[in-house]
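Working notes, structure below.
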Amino acid sequence: MTTQIFYLKGSSEDEVAIQRAAHVIRKGGIVVFPTETVYGLGASAFDEEAVLKIFRAKGRPADNPLIVHIASLDQLYEVISHLPVEEETLRKLANWLWPGPITFILPRSQKVPAMVSGGLSTVGVRMPAHPVAQRLIELSGVPLAAPSANLSGRPSPTRESHVLEDMSGRADVILLAGRTPLGVESTVIDLTTSPPRLLRPGPVDPVRLQELLGMEIEINDAARGLITQERPVSPGMKYRHYAPSKSLILIEGTEEFVLTVMREFIEIHPSAVICSVQTARALGYEDHVLVWGEREDLFSAAKNLFELLRQAEKLPVDVIIAEGVNEKGIGLAVMNRLRRAASEVIKRTSL
Ligand code: AMP
Ligand code: MG
């Protein structure tokens with residue numbers, strides 16, 4: 001397949017490229033577009049054949065659902081059958097958090113083919129904040145079903161080069177607009193259960209969600225990335241989010257504990273690469289260390305996470321040693337992704 005690639009510059013010329021992409025969507029094609037979280041691979045959410053092309057292009061298992069992206073609240077009512085919560089509650093959530101990096105799981109309308117949701121009776125809906133994503137949805141005139149634009153099993157794409165690596169020759173159009181601002185996928189919350197359940201941590205802090213909802217939400221071990229469920233609530237949970245081709249050893253604990261374990265590992269695996277939020281600098285092995293953020297600034301850690309994993313995988317090493325971060329705020333999203341990518345977790349459980 002020939003892929004048309006457009007580099008957007010934030011100028012009025014972008015409109016022509018987005019119009020072209022929207023035309024391709026209306027004709028049943030698939031388009032890569034930027035969002036504020038990661039790049040997405042979209043098709044009309046009402047076109048079963050087009051949606052099938054997404055699963056094929058990614059090599060994605062058919063039971064792993066896609067998120068439906070909308071540009072207005074009117075579109076929300078086209079893709080859901082009814083509201084499982086008070087309209088007032090949903091309006092409040094949407095007013096405060098949309099457009100933004102949060103997906104609500106709601107009952108699916110008949111208009112959305114079951115394939116979009118991997119056969120589930122629910123649908124994940126999000127209104128992205130990225131201007132290119134919004135314009136693309138508007139010009140397409142339909143909601144876009146879109147998962148992240150990586151090959152299945154690879155880290156989500158946060159940079160233009162990641163998209164080109166994974167999707168050249170697989171998508172009809174690619175819209176590139178630099179790095180994605182947040183770097184981890186949206187928070188996913190199931191509003192069809194009582195209490196609402198966090199299915200995937202992301203940039204929206206669950207504490208803020210609880211405040212807005214005025215009730216506790218369920219955050220179980222699966223959301224924390226600690227277990228992969230036998231019968232997952234969200235089919236996405238049963239797949240290792242990203243399975244690196246090398247062993248990824250995750251170390252969780254105090255800086256002192258992390259340093260001690262890293263030192264031991266470097267002795268056993270002298271060529272390992274260490275991915276760290278600054279801490280490993282103290283070891284003095286500059287050549288081995290990829291720094292991806294600071295312990296105190298977890299938004300920077302989230303933004304760099306997937307890029308770092310792609311980088312580490314390309315180095316001529318067998319083992320990747322990664323440092324865990326605090327589970328507060330966006331740190332929970334970082335730890336969910338790291339734990340699900342890890343082949344081994346080393347944790348200090350007692351003092
Ligand atoms: P991706 O955009 O590639 O991160 O994939 C979308 C993810 O959203 C899936 O892997 C699921 O975790 C989640 N998701 C989407 N739709 C649903 C749904 N109807 N029920 C539960 N989880 C969903
Ligand atoms: Mg994905």
Side-chain angles (χ1 to χ4, degrees), residues 30 32-43 45 51 54-70 76 79-81 84 101-109 112-128 130 133 143-158 162-163 166-167 171 180 182-193 196-204 217-218 220 222-225 228-229 231-243 302 305-306 309-310 333 336-337 340-341:
I30 57 177
V32 176
F33 62 98
T35 83
E36 71 274 27
T37 57
V38 302
Y39 276 90
L41 173 64
V51 170
I54 292 180
F55 283 94
R56 289 217 181 106
K58 280 182 61 99
R60 186 176 176 103
D63 63 352
N64 194 356
L66 313 183
I67 290 170
V68 172
H69 294 72
I70 58 173
L76 171 67
V79 301
I80 67 171
S81 61
I102 184 157
T103 299
F104 299 117
I105 304 299
L106 294 161
R108 176 171 54 83
S109 88
V112 177
M115 182 194 289
V116 169
S117 293
L120 296 172
S121 60
T122 53
V123 62
V125 193
R126 169 158 111 87
M127 191 189 287
H130 198 291
L144 299 186
S148 49
N150 50 284
L151 292 174
S152 198
R154 304 274 303 134
S156 296
T158 59
H162 305 165
V163 170
D166 285 14
M167 286 298 144
T180 54
L182 293 169
V184 282
E185 307 90 340
S186 60
T187 302
V188 178
I189 176 123
D190 192 346
L191 296 179
T192 68
T193 58
R197 185 185 286 150
L198 183 72
L199 296 183
R200 178 173 77 183
V204 174
I217 60 176
E218 185 189 325
N220 59 26
R224 296 175 61 212
T228 314
Q229 294 186 332
R231 294 188 61 207
V233 192
S234 166
M237 287 178 174
K238 105 176 154 203
Y239 301 104
R240 270 181 88 190
H241 178 256
Y242 138 73
L305 175 66
F306 290 133
L309 292 172
R310 279 187 187 244
N336 165 290
R337 310 305 187 271
R340 294 174 64 196

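Whatever order the structure lists them in is the order used to number ligands and atoms, beginning at 1. Just so it is clear, the values below take in all heavy atoms, side chains as well, and ignore hydrogens, waters and symmetry mates.
With Ser148 as the fixed residue, the side-chain contact (heavy atoms from CB on, under 4.5 Å) test singles out one of Leu41, Val38, Leu66: Val38. The side-chain contact (heavy atoms from CB on, under 4.5 Å) test with Pro107 is passed by exactly one of Val79, Leu191, Thr192: Thr192.
Ser117 places a side-chain N or O within donor-acceptor distance of the main-chain N or O of Thr122, the cut-off being under 3.5 Å. A donor-acceptor pair is defined here as one N or O able to donate and one able to accept, closer than 3.5 Å; no such pair exists between the side chain of Arg337 and the backbone of Gly225.
Around atom 23 (C) of ligand 1, the closest heavy atom drawn from Gly202, Gly124, Pro65, Gly119 belongs to Pro65.
Those atoms of ligand 1 with a heavy atom of Leu120 less than 4.0 angstrom away are 18 (C), 19 (N), 20 (N). Contact atoms of ligand 1 toward Leu199: 21 (C), 22 (N) (distance under 4.0 Å to a heavy atom of the residue). Shown in contact with Leu66 at under 4.0 Å from a heavy atom are these atoms of ligand 1, numbered in order with element: 15 (C), 16 (N). With ligand atoms numbered from 1 in the order given, ligand 1 contributes 6 (C), 8 (O), 15 (C) to contacts under 4.0 Å with heavy atoms of Ile67.
Contact annotation: Arg60 has at least one heavy atom less than 4.0 Å from an atom of ligand 1.
With a cut-off of 2.8 Å, the Mg ion (ligand 2) has no N, O or S atom of Asn150 in range.
Ser186 and Thr103 share a donor-acceptor pair across their side chains, judged by distance under 3.5 Å alone.
Counting heavy atoms under 4.0 Å from ligand 1, residue Ile105 touches it through the side chain alone.
Arg108 contributes atom CZ, which lies 8.0 Å from atom CG of Leu120 (distance to the nearest 0.5 angstrom). Note that NE2 of His162 and CG of Leu151 are 13.0 Å apart. Values are rounded to the nearest 0.5 Å.
At least one N/O-N/O distance between Thr122 and ligand 1 falls below 3.5 Å. Between Asn64 and ligand 1, an N or O atom pair is found at a separation short of 3.5 Å. The shortest N or O to N or O distance between Arg200 and ligand 1 is below 3.5 Å.
A salt bridge links Glu36 and Arg126; the closest N-O separation between the charged side-chain nitrogens and carboxylate oxygens is under 4.0 Å.
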